Amino acid sequence: AVDWAAYFGFNINHQTFLEGLPISEDPNKGFVGSYTDPVGGLPPNGYGVHAAPVARLLRAYGVPAEDIYGARWQDIQESLSQGNPVIVWVIYGVVPGSGQMYTPPDSEPVLVAQYEHTVIVVGYDEDTVTVMDGNLRYERSIEMFKSSWGVLDNMAIFYRP
């Protein structure tokens, strides 16, 4: 999220951002576990966070971030055509996976997935999607990308100035 915000000219300290995310047993409300937990866990153990809390914190820094659950591939294409990369929730490595329902205490059931991860979509062509994953840039077939992105119901954060 911090790298994505930097693309748009927002300078946010990585550690300060992580520490600013709320902690919760519901990934739609805050970070489940700790960012230092091993990857691949499921709630209530170390898991991560979904789009809404990340977008909320980005907006607190002035970044016009909109979280969307159930986004469409066409939404990403449109955003990229305007020069705006998109944060998406996928399975680590942008590979297929499967989701499952988890019911946090005092919350509604939420869809979660083992190896939940985020990447930034920076481009595409007729066959492939290009993503930034930390300092790695790689491509996946559009079908592989859609399969991985679809596990968590096409969750994304868009730049909406």
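These numbers come from a predicted model, not from an experiment.
Counting all heavy atoms, side chain and backbone alike, G30 lies closest to P53 at N-CG, 3.5 Å. Contact detail for A51 and A156: the closest heavy-atom pair is CB-O, 4.1 Å. Annotation for I91 and A113: closest pair CD1-CB, 3.7 Å, computed over non-hydrogen atoms.
The main-chain N or O of G70 is never found under 3.5 Å from a side-chain atom of N154 such that the two would form a donor-acceptor pair. Side-chain atoms of S79 do not come within 3.5 Å of backbone N or O of I76 as any donor-acceptor pair. Side-chain N or O atoms of Y47 include none that pairs as donor or acceptor with a backbone N or O of E116 at under 3.5 Å.
Legend: residues meeting ring-ring contact (aromatic ring centres under 6.0 Å, His included) with F145, ordered by chain and number and at least two apart, are W73, W149. Partners of R160 according to the side-chain hydrogen bond (donor to acceptor under 3.5 Å, both in side chains) rule, which considers only residues two or more places apart in sequence or in another chain, are E66. For the side-chain hydrogen bond (donor to acceptor under 3.5 Å, both in side chains) test, residues two or more places apart in sequence or in another chain that qualify with Q15 are E19, Y35. For Y69, there are no ring-ring contact (aromatic ring centres under 6.0 Å, His included) partners two or more places apart in sequence or in a different chain.
Between Y61 and F10, the ring center distance fails the sub-6.0 Å criterion.
Side-chain contact between Y159 and L58: absent, with no pair of heavy atoms (C-beta onward) separated by less than 4.5 Å. In this structure, W89 and V54 have side chains that are in contact, with non-hydrogen atoms separated by less than 4.5 Å. Proximity of V90 to V151: side-chain heavy atoms (C-beta onward) are nowhere separated by under 4.5 Å. Looking at heavy atoms from C-beta onward, I157 lies out of side-chain contact with V86 at the 4.5 angstrom threshold.
Residue R56 holds its CZ atom at 7.5 Å from CG of D67, rounded to the nearest 0.5 Å. Separating the OH atom in Y124 from the OG1 atom in T128 is a distance of 11.0 Å, to the nearest 0.5 Å. In this structure, OG1 in T118 is found 11.0 Å from CG in L152, a value given to the nearest 0.5 Å. Annotation: the span from D3 atom CG to H14 atom NE2 amounts to 7.0 Å, rounded to 0.5 Å. Atom-to-atom distance recorded for L18:CG and N13:CG is 9.0 Å, nearest 0.5 angstrom. Expressed to the nearest 0.5 Å, how far CG of L80 lies from CZ of F158 amounts to 8.5 Å.
Residues V2 and W4 fall within the same hydrophobic cluster, defined by Ile, Leu, Val, Met, Phe, Trp and Tyr side chains chained together at heavy-atom separations under 4.5 Å. Transitive grouping of hydrophobic side chains (ILVMFWY, heavy atoms separated by less than 4.5 Å) brings V49 and M155 into a common cluster. A continuous path of ILVMFWY side-chain contacts below 4.5 Å connects V32 to L57, so both sit in one hydrophobic cluster. Follow the hydrophobic side-chain contacts under 4.5 Å out from V63 and you never reach V119; the two are in separate clusters. I120 and F17 fall within the same hydrophobic cluster, defined by Ile, Leu, Val, Met, Phe, Trp and Tyr side-chain heavy atoms under 4.5 Å apart, directly or through other members.
The side chain to side chain contact (heavy atoms under 4.5 Å, CB included) test with N28 is passed by exactly one of V110, V112, L111: V110.
By the neighbour-count criterion of 12 heavy atoms within 6.0 Å, atom CZ of F8 is densely surrounded, having more than that number from other residues, nucleotides or ligands.
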For residues 96-107, which side-chain N or O atoms pair as donor and acceptor with protein atoms under 3.5 Å away, sequence neighbours left out?
from : atom 1 : to  : atom 2 : distance (Å)
Y102 : OH     : E25 : O      : 3.4
S107 : OG     : D26 : OD2    : 3.3
S107 : OG     : K29 : NZ     : 3.0

Compile the donor-acceptor pairs under 3.5 Å between side chains in residues 130-141 and protein atoms, sequence neighbours left out, one pair per line.
from : atom 1 : to   : atom 2 : distance (Å)
D133 : OD1    : H117 : NE2    : 2.8
D133 : OD2    : H117 : NE2    : 3.4
D133 : OD2    : Y138 : OH     : 2.8
R140 : NE     : G93  : O      : 3.0
R140 : NE     : V94  : O      : 3.4
R140 : NH2    : G93  : O      : 2.9
S141 : OG     : M144 : N      : 2.9

Should S34 and D37 be marked as a side chain to side chain donor-acceptor pair (under 3.5 Å) after you check the CA-CA gap, both sets of side-chain angles, and the distance that decides it? CA-CA 5 Å; S34 169; D37 288 336; 4.8 Å; no
